Amino acid sequence: MNPTRIIIDTDPGVDDALTFLLALASPEIQLEALTTVCGNIGIDKTTRNALSVLELAHASHIPVARGCADPMLNKLGNSGDAVHGTSGIGKSNLPEPKAQPIEQHAIDYLIERILAEPQQISLYTIGPMTNLALAIRKDPRIVPALKEVVIMGGSLRAGGNITPQAEFNIHADPHAAHVVFHSGIPITLIPLDATYKCLLTSADIERLNKIKSPIARFVGDATAIYMDFYKKYEGFDGCALHDPLTLAVIIAPELFTFEDHYIDVDISTGVSMGNTFADFMKVTKKPANIKVALNVRGRDFVELFLERMETLSRSIAD
Ligand code: RIB
Ligand code: CA
């Protein structure tokens with residue numbers, strides 16, 4: 001079966017970086033490009049981190065297009081530092097990347113690539129959706145041309161991780177999420193309801209580091225601050241593999257429990273800004289616009305992730 005061709009729109013970010021590695025370790029996936037956006041950290045660092053992690057994985061041939069430095073309306077906070085560190089990728093200490101981003105802005109790159117090959121490209125958004133929303137506004141022809149969007153974001157019954165009611169990617173740019181949710185593009189949503197069931201633990205890191213490899217060391221170094229944060233603030237040993245879980249839509253869809261629902265996002269400026277909610281009782285009579293993962297066999301996904309990281313680590317060993 002031909003691999004699924006994907007572009008990842010990303011704000012690396014520790015779990016974003018693990019997503020690139022999982023994509024590169026998965027024969028079911030052809031990673032076409034990365035487009036960067038502000039989110040966990042500013043655009044300079046998210047773009048640098050994207051280039052550096054590709055270089056670490058010997059994948060510098062994959063183009064990186066630099067995207068938006070600010071959300072559509074809101075101002076970006078700096079909450080990411082506590083989880084992702086001031087570098088954006090934890091305690092990893094990757095060298096300055098040799099490669100540069102391409103000249104084209106991420107918005108124009110997305111439009112060009114999607115229109116050039118209609119229904120061939122799947123877009124995985126694992127950060128705020130500013131780039132995609134503005135690409136839709138700039139050239140609506142991408143709506144029928146884009147095969148699908150798979151989004152890490154939102155929370156339906158699991159509460160928020162940046163405010164009590166909102167998940168980070170959606171809260172950072174709720175207006176962008178609103179544009180995307182109502183675009184008509186086929187959407188699969190992977191919310192906190194599923195991602196918090198996928199905890200990478202310190203024992204998993206120890207297991208991976210039995211393999212002497214810069215990849216295994218990176219996974220440990222990058223997640224160190226993330227793990228400390230979860231232990232200190234959420235009381236558990238481990239960090240949630242929010243972004244990597246999106247790729248299970250391709251490599252292990254059987255792990256999910258999906259339902260189709262009408263889902264919207266609160267773009268008001270009050271305490272519930274960025275809240276995502278589903279019309280479970282069908283009271284709006286509006287048709288479902290999103291296929292959402294309400295559950296997942298989380299530990300099975302973490303095992304799959306670890307096996308793929310072990311394979312990648314053996315292929316890039318000391
Ligand atoms: O809420 C989790 C999301 O916010 C992930 O994409 C993580 O990288 C952060 O961007
Ligand atoms: Ca992210």
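Here the structure is a predicted model, which is why all the values come from computation and not from measurement. Order of listing sets the numbers, starting from 1, for every ligand and every atom in it.
In this structure, I215 CD1 and L21 CG are separated by 5.0 Å, a value rounded to the nearest 0.5 Å.
For the Ca ion (ligand 2), the set of nearby N, O or S atoms under 3.0 Å includes none belonging to G127. For a distance bound of 3.0 Å, the N, O or S atoms of D15 include none lying that close to the Ca ion (ligand 2).
In this structure, atom 10 (O) of ligand 1 lies nearest to the protein heavy atom N169 OD1, 2.9 Å. Scanning the protein heavy atoms around atom 8 (O) of ligand 1, the nearest turns out to be D15 OD1, 2.6 Å. When only non-hydrogen protein atoms are considered, atom 9 (C) of ligand 1 lies nearest to N40 OD1, 3.1 Å. Ranking the protein heavy atoms by distance from atom 6 (O) of ligand 1 puts D243 OD1, 2.6 Å first. Counting protein heavy atoms only, atom 2 (C) of ligand 1 is closest to E167 OE2, 3.3 Å.
Between T10 and D16, the side chains place a donor N or O and an acceptor N or O closer than 3.5 Å (distance only, hydrogens not considered). No hydrogens or angles considered: nothing links the side chains of N161 and H171 as a donor-acceptor pair under 3.5 Å. Side-chain atoms of T201 and D237 form no donor-acceptor pair, as typed in the model, at a separation below 3.5 Å.
We find that D318 and R217 are joined by a salt bridge, their nearest charged nitrogen and carboxylate oxygen being less than 4.0 Å apart. A salt bridge links R299 to D204: at least one charged side-chain nitrogen sits closer than 4.0 Å to a carboxylate oxygen. Taking 4.0 Å as the cut-off between side-chain N and carboxylate O, R297 and E254 do not count as a salt-bridged pair.
The heavy-atom pair separating P191 from A293 by the smallest distance is CD-O, 3.2 Å. The two residues F218 and I89 come nearest to each other via the heavy atoms CE1-CD1, 4.2 Å.
Contacts between N161 and ligand 1 below 4.0 angstrom, taking non-hydrogen atoms only, involve the side chain exclusively. When heavy-atom distances to ligand 1 are checked against a 4.0 Å cut-off, I162 has no atom that comes that close, whether in backbone or side chain. When non-hydrogen atoms are compared, ligand 1 lies under 4.0 Å from the side chain of D11 (C-beta onward) but not from its backbone.
Taking every heavy atom of H242 and a limit of under 4.0 angstrom, the matching atoms of ligand 1 come to 2 (C). Residue-ligand proximity, M152 to ligand 1, at heavy-atom distances under 4.0 Å covers atoms 2 (C), 3 (C), 5 (C), 6 (O). In summary, the atoms of ligand 1 found under 4.0 Å from a heavy atom of F168, numbered by their order in the structure, are 1 (O), 4 (O), 9 (C), 10 (O). Remark: ligand 1 atoms within the under-4.0 Å shell around heavy atoms of D16 are 8 (O).
Atom OD1 is the N, O or S atom of D11 at the shortest distance from the Ca ion (ligand 2). Atom OD2 is the N, O or S atom of D243 at the shortest distance from the Ca ion (ligand 2).
Geometrically, ligand 1 and I126 share a nitrogen or oxygen pair separated by less than 3.5 Å.
In this structure the side chain of V150 reaches within 4.5 angstrom of the side chain of I190, judged on heavy atoms. Side-chain atoms of V14 and I225, non-hydrogen and from C-beta on, never get closer than 4.5 Å to each other.
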